[in-house]
Amino acid sequence: MLDIEDGPSPKKHRRNSKAVDAVAAAERRKQIDAERRQLPAWAARDKLLQLLQEHRTLVLVGETGSGKTTQIPQLLLSARFGSIAASDKFISQNAGEVGPSDDVKSPYEGAGVVDRDGVFRSAVNHEGRTQFNHHTSTGSDVNGVSDHGGPEQQTGIRSVGGSGGSRVYGGAIAVTQPRRVAAMTVARRVAEEMGTKLGDKVGYAIRFEDVTSSSTRIKYMTDGLLLREALVDPMLSRYRVVIIDEAHERTVHTDVLFGLLKGVQVRRGDDFRLIVMSATLDTARFVDYFPGAVAALIRGRQFPVRVMYTAKPEDNYLDAAINATLQVHSDEGEGDILVFLTGQDEIDSAERLLKEHLAALQGSRGASSSGCRELLVLPIYAALPPEQQMKVFEPAPEGQRKAILATNIAETSITIPGVRYVIDTGHVKARDYNAKLGLESLAVVPVSQAQARQRSGRAGREGPGKAFRLYTEADFAVLEPTTPPEITRCNLGSVVLQLKAMGIHDVLGFDFMDPPPRAAILRSLELLYALGALDATGCLTEEVGRRLSRLPVDPMFGRVLLAATEMGCGQEAVAVVAMVSTENVFHTPRQKEREWRAARLKFISREGDHLTLLNVFRGFRELPKESNKARTAWCSDNFINIRAMRKAEDIYEQLVRFLGPPSPPGLGLQLATCGEDSTPLRRALTAGLFPHAAKLQPDGSYRVLATGRQVFLHPSSVLLDRKPDCLVFNELMHTTRTYARDAVAIEARWLPELAPAAFAVKSAAAIAGAGVGTSGGSR
DNA sequence: GGGTTAGGGT
C-alpha cells in the first residue's frame with residue numbers, strides 16, 4: 001500500500017499531501033469502478049464481444065443511460081480490438097473480478113409500462129429498490145443484450161482484391177460524436193475511468209483542438225473531423241474500429257461516413273470493425289444497409305415519463321403552451337418545466353405573455369398569498385448571449401420553479417437540470433432545401449414521432465416526469481415516424497466536393513443510405529463547375545477544386561478566398577469569410593430594438609453586410625485577446641454575440657494557417673491587405689458569389705441573374721435603405737417571402753470579367769459521368 | 001419595407 005512514513009519532514013509533508021491525494025484518487029477510482037459496473041453496457045460486455053468477433057458490423061441500440069458511449073470503446077480495448085496489450089492496468093485489475101453478468105443485472109430490474117410508441121406512461125416501482133426503469137422492447141433479453149433486427153446477411157461481404165492485402169492498418173478506435181462538447185466530455189470521463197491522462201491512451205479531436213498523441217488508442221472526435229481525415233486517408237488506416245455514435249441523428253457527416261465506411265469494409269475485410277450506435281430502436285435501416293450487420297440492444301436507464309395528450313386539437317399552440325405552463329405550475333409537484341417552442345421570436349412573446357399572466361394572478365391574489373410558489377421564466381436559444389443562457393442551469397431559488405422556454409437546443413445539445421415536466425407544442429422550425437430553386441426555407445412544421453419522444457424523454461433525466469403533448473394522440477399517430485435525414489434537405493456543395501476529392505467520381509451513384517434528391521446533386525455539380533472546381537468532364541481541377549476541398553468553408557467562400565489572394569485582399573477576405581461562416585453575430589432582441597440599432601450604427605458600411613461584418617471583426621480584434629472582461633463588455637455593449645465572435649476568430653486563424661504557409665497543408669498564398677479600399681474585396685466576393693448575383697428591379701425587389709428569380713433584400717441587411725443596382729448575396733432563404741441574406745454592392749460589369757464561365761453561355765449539360773451543366777447564363 | 005431551428009469542418 002502507500003508508504004507515507006519515511007523521508008525528512010518537509011518532504012514528508014509533501015509526500016503526505018501527495019499520499020492524501022493518492023488516497024483520494026484511489027477512492028475516486030473505486031467509486032468510478034463501482035459506477036461502471038452499474039451500467040447496463042457493463043453487464044452486456046461478454047455478449048457484445050462475442051458478437052463483434054463474429055460480425056464485422058454491429059448495430060448497437062443503447063438507450064439513454066446505458067453507458068454505451070463510455071464503455072464500449074474500453075471494452076474493445078481490453079479485448080485487443082484497439083491493439084493494445086491487455087495489461088492495461090484498470091482492465092487487468094478488474095478482469096478477473098467480474099462475476100457472471102446476471103449478478104450485475106439485477107439492480108436494473110424494474111418495471112415500467114411502455115406503450116406502443118415506447119414511452120412510459122406509468123411505472124411500478126419494486127419496493128425499496130427500483131429507482132430506475134428501463135424501456136423494455138422487442139425480443140428476449142440476455143445479459144442485457146438481445147439479438148434483434150433482420151436476418152444476418154453474412155454473404156453480403158465481398159472481398160475485393162483480397163481483404164486488405166499486405167497493408168498494415170493502425171489499431172486505434174475512433175468514436176464519432178455529432179457535437180464537440182460530447183467528444184470532449186466523454187473523452188475526459190473515459191480517461192478518468194481508465195486512470196490515464198487525457199490525450200494519452202484516451203483523447204479527443206475536434207475542429208480547433210487535438211488532444212491526442214501517438215499513444216492514443218481511443219479517440220473521441222466529431223463526425224465532421226473523421227470525414228476530413230478520410231479526405232487524406234480514405235481507408236481510415238489509423239483505425240481498427242470506427243464507432244459512429246448517435247447515428248440516429250443522421251447528420252450530413254454521419255451519412256457520408258456511412259457510404260465511405262461501407263467501402264472501407266469491403267476493402268479492409270476482417271481487419272476492420274464498424275459499430276453503429278443509436279439511441280432509437282429502428283435498427284432495420286442500418287442492418288439492411290451494412291452487409292452482414294447484426295443488431296443488439298442494451299437497455300437504458302431512464303426514469304419513467306408519463307405522456308399526456310390533449311383531448312382536442314389546439315388551434316393555437318402558443319396560447320396552449322402558456323396555459324399548460326400555468327396549469328402545471330399550479331397543479332403539479334416540484335420540478336422545473338421545459339417548454340419546447342420554435343424560435344426566438346416566439347420565445348420572446350411567450351415570455352412576455354407568461355409574465356403578464358403571472359403578474360395578473362399575483363395581483364388578483366394579493367401579495368399575501370403564500371401557497372403559490374413563484375415561477376421563474378427563462379428563455380434559452382442558441383443566439384442568446386452566454387451569460388443569459390447560463391441562467392437556465394442555475395437551480396431555482398428555494399420556493400421557486402423554473403419555466404424554461406426553449407428551442408430544440410434543449411432536445412439534444414443541452415441538458416437542463418431539475419426538469420420534471422415537458423410541454424411539447426409539437427412544432428419545430430425546420431430548414432429545408434429546394435434543389436430545383438436552389439432555395440433554402442425555414443418553416444414551422446410538425447415534429448416527428450421520434451422528436452416528440454426525444455422531447456418527452458427530457459422529463460425523465462432526474463426522476464419520474466410528465467410530458468404534456470399539446471396535440472391529440474390521434475395527431476401523434478399520423479406524425480412522420482422520424483425526421484428526414486439532413487442530407488436529403490440541404491445544399492450539397494461541400495459534400496459533392498469532398499466526395500470528388502476522395503476520388504468518388506460517380507457522385508450520383510454513391511451508395512447513400514438515403515440518397516439526396518438527384519436535383520440537389522446535379523445542382524451542386526453545376527455550381528462546382530461554375531466555380532472552376534470541376535472541369536467539363538466532372539473531374540476535380542487541381543488549381544481550384546483540390547484547393548477548395550482543403551478549405552473548411554463552403555465552396556463559394558473558398559473561391560472568394562482564392563480570388564482574394566490574387567486581388568491583394570486576402571486578410572480582409574479571410575475575416576469576412578470567417579464572419580459569414582458564423583451565425584448570429586448580432587443579438588437583436590425585439591424589446592431593445594432601438595438600443596441594438598444604435599449600437600450597430602457604428603459598424604455599418606454603406607457597401608454592404610460583408611463590410612459591416614468586417615468592421616465588427618476589426619473592432620473585436622482590437623481588444624486584447626487575453627482580456628475576457630474587455631471583450632465580454634464590448635460585445636454586450638454592442639449587442640454582439642461573443643460566442644459567434646470567438647468562433648469567427650478561430651475560423652480566421654485556421655484559415656490563415658491553411659492559406660498562408662508554403663508547405664502542405666498550407667497553400668502558400670499571399671494574404672495581403674487592401675486597407676480601406678473596399679473594391680478589391682468586393683471583387684473577390686463577386687468572384688465566389690457570382691451565382692448569387694442580383695440586379696435591382698423598378699419595384700425595389702431584385703432579380704437573381706442566374707435563375708431569373710425574384711427575391712427581396714432581407715430586412716436585416718444594411719443595404720435595405722440604399723438598394724444598389726447590383727449585388728451578390730450569401731444565401732436565399734424563404735420564410736414569408738424569398739429573401740437574400742448578407743448582401744454586398746458590386747458593379748455589374750465585373751461579372752463577365754470575374755465569372756466568364758458562368759456568364760457566357762455554355763452547353764455542358766451532359767458532361768461525362770456526372771451530368772455537369774452550366775450554372776445560369778448571361779443576361 | 002420588415003425578420004434567423006439546431007448542429008458541424010485536415
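No hydrogens, no waters, no symmetry mates; every other heavy atom, side chains included, goes into these values. Proteins get letters first, then strands, A, B, ... in listed order; numbering begins at 1 in each.
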Whether [X] contacts [N] is assessed here as follows: a side-chain N or O lying under 4.0 Å from the phosphate OP1 or OP2. Is that the case?
X	N	value
T736(A)	dG2(B)	no
S716(A)	dG3(B)	no
T222(A)	dG9(B)	yes

Rounding to an integer number of Å, can you tell me how far [X] [atom1] sits from [N] [atom2]?
X	N	atom1	atom2	value
M502(A)	dT10(B)	CE	C1'	12 Å
L231(A)	dG9(B)	CG	P	15 Å
H587(A)	dT4(B)	NE2	C1'	13 Å
F586(A)	dG2(B)	CZ	P	21 Å
L561(A)	dG9(B)	CG	C1'	14 Å
I380(A)	dA6(B)	CD1	P	10 Å
F340(A)	dA6(B)	CZ	C1'	12 Å
R180(A)	dG7(B)	CZ	C1'	11 Å

For this session: Give a yes or no on whether a donor-acceptor pair under 3.5 Å exists between the nucleobase atoms of dT4(B), that is its base, and the side chain of R741(A).
Result: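 By the distance-only test, yes, there is a pair.
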
Notebook entry, point to check: Hey, is the side chain of R643(A) pairing donor to acceptor with the base of dG7(B) inside 3.5 Å?
Noted result: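 In this structure, the two groups form no donor-acceptor pair.
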
Between dT5(B) and Y381(A), is there a base-stacking contact, meaning the centre of the base's six-membered ring lies under 5.5 Å from the residue's ring centre while the planes stay under 30° apart?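 So no, this residue does not stack on that base, at least one cut-off failing.
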
[X], nearest nucleotide to its side chain (from [options]):
X	options	value
S494(A)	dT5(B), dT10(B), dG9(B)	dG9(B)
P715(A)	dG9(B), dG2(B), dA6(B)	dG2(B)
R550(A)	dT5(B), dG7(B), dT10(B)	dT10(B)
Q654(A)	dT4(B), dT10(B), dA6(B)	dT10(B)
T407(A)	dG7(B), dG9(B), dT5(B)	dT5(B)
R737(A)	dG2(B), dA6(B), dG8(B)	dG2(B)
H714(A)	dG3(B), dA6(B), dG8(B)	dG3(B)

Give one of base, sugar-phosphate or nothing for [X], where a contact means two heavy atoms less than 4.0 Å apart.
X	result
Y739(A)	sugar-phosphate
V252(A)	nothing
V428(A)	nothing
L551(A)	base
R455(A)	nothing

Task: side chain to side chain contact (heavy atoms under 4.5 Å, CB included), paired with P555(A), selected from V544(A), L531(A), N491(A), V496(A) - done: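 Option passing the side chain to side chain contact (heavy atoms under 4.5 Å, CB included) with P555(A): L531(A).
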
*Residue that, paired with T325(A), satisfies side chain to side chain contact (heavy atoms under 4.5 Å, CB included) out of L338(A), L353(A), I337(A)*: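 It is I337(A); the other options fail the test.
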
**Message:** Check whether Y433(A) forms a cation-pi arrangement with R489(A) (NZ or CZ under 6.0 Å from the six-membered ring centre, at most 45° off the ring normal).
**Reply:**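 Ring-cation test returns no.
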
Tell me, please, whether F476(A) has R469(A) positioned over its six-membered ring: NZ or CZ under 6.0 Å from the ring centre and within 45 degrees of its axis?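 Flagged: R469(A) positioned over aromatic ring of F476(A).
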
Looking at R722(A), I'd like to know if its CZ atom is crowded, meaning that more than 12 non-hydrogen atoms belonging to other residues, nucleotides or ligands lie closer than 6.0 Å.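 Enclosed: over 12 neighbouring heavy atoms sit under 6.0 Å from CZ of R722(A).
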
Should D514(A) and R250(A) count as an ion pair when the cut-off is N to O under 4.0 Å?
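Yes, charged N to carboxylate O under 4.0 Å.
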
Go nucleotide by nucleotide along DNA chain B from the 5' end; which of E593(A) and Q177(A) gets its closest nucleotide reached first?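 First, find each residue's nearest nucleotide; the 5'-ward one identifies E593(A).
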
